[in-house]
Q: 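One structure is given below, represented as structure tokens, and several questions about it will come after.
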Amino acid sequence: MTLNSFIKFTYITNVFYMNYIIHFFLFIVIFILYINFHKQNNYNDISQIYELEYVNNHSLQSSCDVNQPAIFEYYIEPIQESNTLLFHNSDSSDISVEYKDLSAFLKSKTTPVISTQNFIDTNNDSHNAIQPPLSYFVGHNIICGSRNAVSKSFIHNYYRKFLYVSEGSIEVNILSYNHTPNNAMKNDFVNYEFSIDQNISNIGKKCVIEKGNVIFIPPNCVYSIEFLDSSNICIDFSFHSLISILSNIHKQVIYFMQQSNISKTPSELKNYKIKNNVEVVKNDVEVIKNNVIENALPPDQVEQSTEGLS
């Protein structure tokens with residue numbers, strides 16, 4: 001064999017082995033991505049709701065990998081938030097409520113009210129102890145409601161979603177998406193909210209979450225929230241991984257495109273404010289009137305609430 005022939009043979013052999021290695025590496029990468037995509041977008045049957053004891057983040061994430069709802073007790077520092085929350089009235093007007101006045105507003109309502117899309121920016125790092133490794137996004141969302149208020153039947157595709165009850169108590173109904181008879185998904189890209197038009201209270205698994213507890217809600221399951229106390233405030237912690245981001249990239253593109261096409265200017269916006277932060281004293285009609293919450297009670301109801309005390 002001549003030198004040129006040997007060099008040519010060696011070159012071809014090296015190219016062959018290099019191509020083999022590259023194709024094998026690509027196969028492994030695609031296979032791993034496929035497994036993770038399948039796990040992220042799979043519809044798991046909700047067989048039961050577990051109760052956990054929080055030990056550390058590693059054990060928590062291992063339990064969440066089962067993709068079954070789980071409840072555990074965990075303390076989260078109170079969020080000091082200055083943002084306002086928006087509530088929709090039955091008369092098509094909106095009420096803007098500051099976070100510090102939220103509890104008083106909910107207790108003042110005689111009819112059920114609910115607010116779900118209140119994404120906030122916070123420097124609170126309490127979520128670090130429940131944040132999964134290699135997560136690239138964390139979203140804080142305040143979900144709140146007064147007594148007997150019931151949310152829509154939501155569905156999400158985050159990598160992890162934890163719902164922490166900071167005040168009051170809630171009842172969560174949860175069900176696998178593929179077990180809902182009318183599971184046509186409704187996409188709200190204005191608020192980045194996904195739900196189905198069906199009440200799952202009679203077919204889902206139920207659990208009551210008290211103040212200071214957290215529930216893990218697996219991806220691709222339908223859940224609804226019923227608020228049990230006079231004032232109920234929950235913090236939604238949602239985490240994205242690389243796989244879940246890629247799974248939702250088309251939705252996120254539509255969402256950002258939609259934001260440039262809308263104008264968030266309600267036709268009639270009322271501000272909820274407390275006139276005087278004074279403790280109500282029995283038989284003192286003037287003090288009660290000074291503590292009337294603007295836009296929360298009509299004048300006729302205010303007069304009725306003071307008749308028995310004057």
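For clarity, every value in this text was computed on a predicted model and none was experimentally measured. Residue numbers run from 1 in the order of the sequence given.
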Q: Using only atom types and a distance under 3.5 Å, with no angle test, would you say the side chain of S135 pairs donor to acceptor with the backbone of Q131?
A: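 Not confirmed, S135 side chain does not pair with Q131 backbone.
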
Q: Distance only, no hydrogens: is a donor on one side chain within 3.5 Å (strictly under) of an acceptor on the other, for N157 and N41?
A: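 Judged by distance alone, the side chains do pair up.
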
Q: Answer yes or no: is there a side-chain heavy-atom contact under 4.5 Å between T180 and L175?
A: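 Yes - at least one pair of side-chain heavy atoms lies under 4.5 Å apart.
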
Q: Does the side chain of I170 come within less than 4.5 Å of V208's, by heavy atoms?
A: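 No. Closest side-chain heavy atoms not under 4.5 Å.
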
Q: Nearest heavy-atom pair of K152 and S195: which atoms, and what distance?
A: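 What the structure gives for the nearest pair is CD-OG, 4.0 Å.
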
Q: OG of S238 to NE2 of H127: how many Å apart, nearest 0.5 Å?
A: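 With rounding to 0.5 Å, OG (S238) is 11.5 Å from NE2 (H127).
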
Q: State the CD-SG distance between E51 and C207, to the nearest 0.5 angstrom.
A: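 Nearest 0.5 Å value for the CD-SG distance: 9.0 Å.
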
Q: Does CD belonging to Q252 count more than 12 external heavy atoms closer than 6.0 Å?
A: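 Yes, CD of Q252 has more than 12 neighbouring heavy atoms, counting only those of other groups under 6.0 Å.
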
Q: First locate atom CG of L33, then atom NE2 of H38, and finally report the distance between them rounded to the nearest 0.5 Å.
A: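 Rounded to the nearest 0.5 Å, the CG-NE2 separation comes to 14.5 Å.
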
Q: Do I235 and L102 belong together in a cluster built from hydrophobic side chains that touch within less than 4.5 Å?
A: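 Both belong to a single hydrophobic cluster.
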
Q: Strictly distance-based, threshold 3.5 Å: is any side-chain N or O of Y54 a donor or acceptor partner for the main-chain N or O of A129?
A: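 Checked: pair present.
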
Q: So how far is it from N199 CG to N202 CG, rounded to the nearest 0.5 Å?
A: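 Answer rounded to 0.5 Å: 6.0 Å.
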
Q: Test of understanding: clusters of I, L, V, M, F, W, Y form through side-chain heavy atoms closer than 4.5 Å, transitively. Do I233 and I209 belong to the same one?
A: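 No, I233 and I209 fall in different hydrophobic clusters.
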
Q: Do I174 and P218 come within less than 4.5 Å of each other through their side chains, counting heavy atoms only?
A: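 Touching, per the 4.5 Å side-chain cut-off.
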
Q: Counting C-beta onward and ignoring hydrogens, is there a side-chain heavy-atom pair between I143 and N141 closer than 4.5 Å?
A: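 Of all side-chain heavy-atom pairs linking N141 with I143, at least one is under 4.5 Å.
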
Q: Would you call the rings of F237 and H140 parallel, tilted or perpendicular if under 30° counts as parallel and over 60° as perpendicular?
A: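 It falls in the perpendicular class, over 60°.
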
Q: With hydrophobic residues grouped by side-chain heavy-atom distances under 4.5 Å, do Y158 and Y43 end up in a single group?
A: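 Yes; Y43 is reachable from Y158 via cluster members.
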
Q: Considering non-hydrogen atoms only, spot the tightest contact between I203 and Q198 and give its length.
A: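 Closest heavy-atom pair between I203 and Q198: CD1-NE2, 3.6 Å.
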
Q: Decide if the gap between the ring center of Y255 and the ring center of F189 is smaller than 6.0 angstrom.
A: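 So the answer is no for these two rings.
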
Q: How many angstroms lie between atom OG of S153 and atom CD1 of I196, to the nearest 0.5 angstrom?
A: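 Reported value, rounded in 0.5 Å steps: 5.0 Å.
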
Q: Once you round to the nearest 0.5 Å, how far does CD1 of I49 lie from NZ of K206?
A: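 Rounded to the nearest 0.5 Å, the CD1-NZ separation comes out at 11.0 Å.
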
Q: May I ask you to decide if the ring planes of F105 and F87 are parallel, tilted or perpendicular, using 30° and 60° as cut-offs?
A: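 If you compare the ring of F105 with that of F87, the planes turn out tilted.
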
Q: For S224, does its backbone N or O pair with a side-chain atom of S151 as donor and acceptor, under 3.5 Å?
A: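 Absent.
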
Q: If you compare all heavy atoms of F227 against all heavy atoms of C234, which two are closest, and at what distance to 0.1 Å?
A: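 Smallest interatomic distance, heavy atoms only, reads CE2-SG, 4.4 Å.
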
Q: Distance only, no hydrogens: is a donor on one side chain within 3.5 Å (strictly under) of an acceptor on the other, for Q61 and R160?
A: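 Side-chain D/A pair, Q61 to R160: present.
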
Q: Is it true that L106 and L85 fall in one hydrophobic cluster, defined by side-chain heavy atoms closer than 4.5 Å?
A: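 Cluster IDs for L106 and L85 match.
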
Q: Considering only residues two or more places apart or on different chains, which pairs with a residue in residues 218-238 satisfy salt bridge (Lys or Arg N to Asp or Glu O under 4.0 Å)?
A: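 Qualifying pairs, neighbours excluded: K161-D236.
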
Q: Verify, without hydrogens or angle tests, whether N232 (side chain) and C144 (backbone) share a donor-acceptor contact under 3.5 angstrom.
A: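 Checking the backbone N and O of C144 against the side chain of N232, no donor-acceptor pair under 3.5 Å is found.
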
Q: Quick one, L228 and E171 - any side-chain contact, counting heavy atoms below 4.5 Å?
A: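 Side chain of L228 against side chain of E171, heavy atoms only: contact under 4.5 Å found.
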
Q: Show, in sequence, the C-alpha distance, side-chain angles and deciding distance for N56 and S59, and conclude whether the side chain to side chain donor-acceptor pair (under 3.5 Å) test is met.
A: CA-CA 6 Å; N56 52 51; S59 63; 3.1 Å; yes

Q: Would you check if the distance from the ring center of F194 to the ring center of H156 is below 6.0 Å?
A: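 Judged by ring-centre distance (under 6.0 Å), F194 and H156 do not meet the cut-off.
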
Q: Would you call D94 and L86 a side-chain contact if the rule is heavy atoms closer than 4.5 Å?
A: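 Result yes, sub-4.5 Å side-chain heavy-atom pair found.
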
Q: Are the side chain of S244 and the backbone of H240 linked by a donor-acceptor contact shorter than 3.5 Å?
A: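 No, the answer is negative, given that no donor and acceptor are paired below the 3.5 Å cut-off.
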
Q: Sequence neighbours excluded and cut-off under 3.5 Å, please list the side-chain donor-acceptor pairs for residues 67-76, or say none.
A:
{"residue": "Q68", "atom": "OE1", "partner": "S47", "partner atom": "N", "Å": "3.0"}
{"residue": "Q68", "atom": "OE1", "partner": "S47", "partner atom": "OG", "Å": "3.4"}
{"residue": "Q68", "atom": "NE2", "partner": "D45", "partner atom": "O", "Å": "2.7"}
{"residue": "Y74", "atom": "OH", "partner": "S126", "partner atom": "O", "Å": "2.9"}

Q: Quick one: are S169 and K211 in side-chain contact, heavy atoms under 4.5 Å?
A: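 They are not in side-chain contact.
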
Q: Would you find a donor on one side and an acceptor on the other, under 3.5 Å apart, between the side chain of N36 and the backbone of I32?
A: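 Yes, because the side chain of N36 sits within donor-acceptor range (under 3.5 Å) of the backbone of I32.
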
Q: If only side-chain N and O atoms count, and only distance matters, is there a donor-acceptor pair under 3.5 Å linking S231 with S103?
A: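 Side-chain D/A pair, S103 to S231: present.
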
Q: Using only atom types and a distance under 3.5 Å, with no angle test, would you say the side chain of S146 pairs donor to acceptor with the backbone of V113?
A: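 Between the backbone of V113 and the side chain of S146 there is a qualifying donor-acceptor contact (under 3.5 Å).
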
Q: So, do V214 and L163 sit near enough that their side-chain heavy atoms are less than 4.5 Å apart?
A: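 V214 does not reach L163 side chain to side chain.
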
Q: Quick one: are the ring centres of Y159 and F239 less than 6.0 Å apart?
A: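 No; F239 has its ring centre 6.0 Å or more from that of Y159.
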
Q: How close do F119 and N191 get, counting heavy atoms only, and between which atoms?
A: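 Result for this residue pair: CE1-O, 4.1 Å.
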
Q: Would you call K186-E193 a salt bridge at under 4.0 Å N-O?
A: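 No, K186 and E193 are not salt-bridged.
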
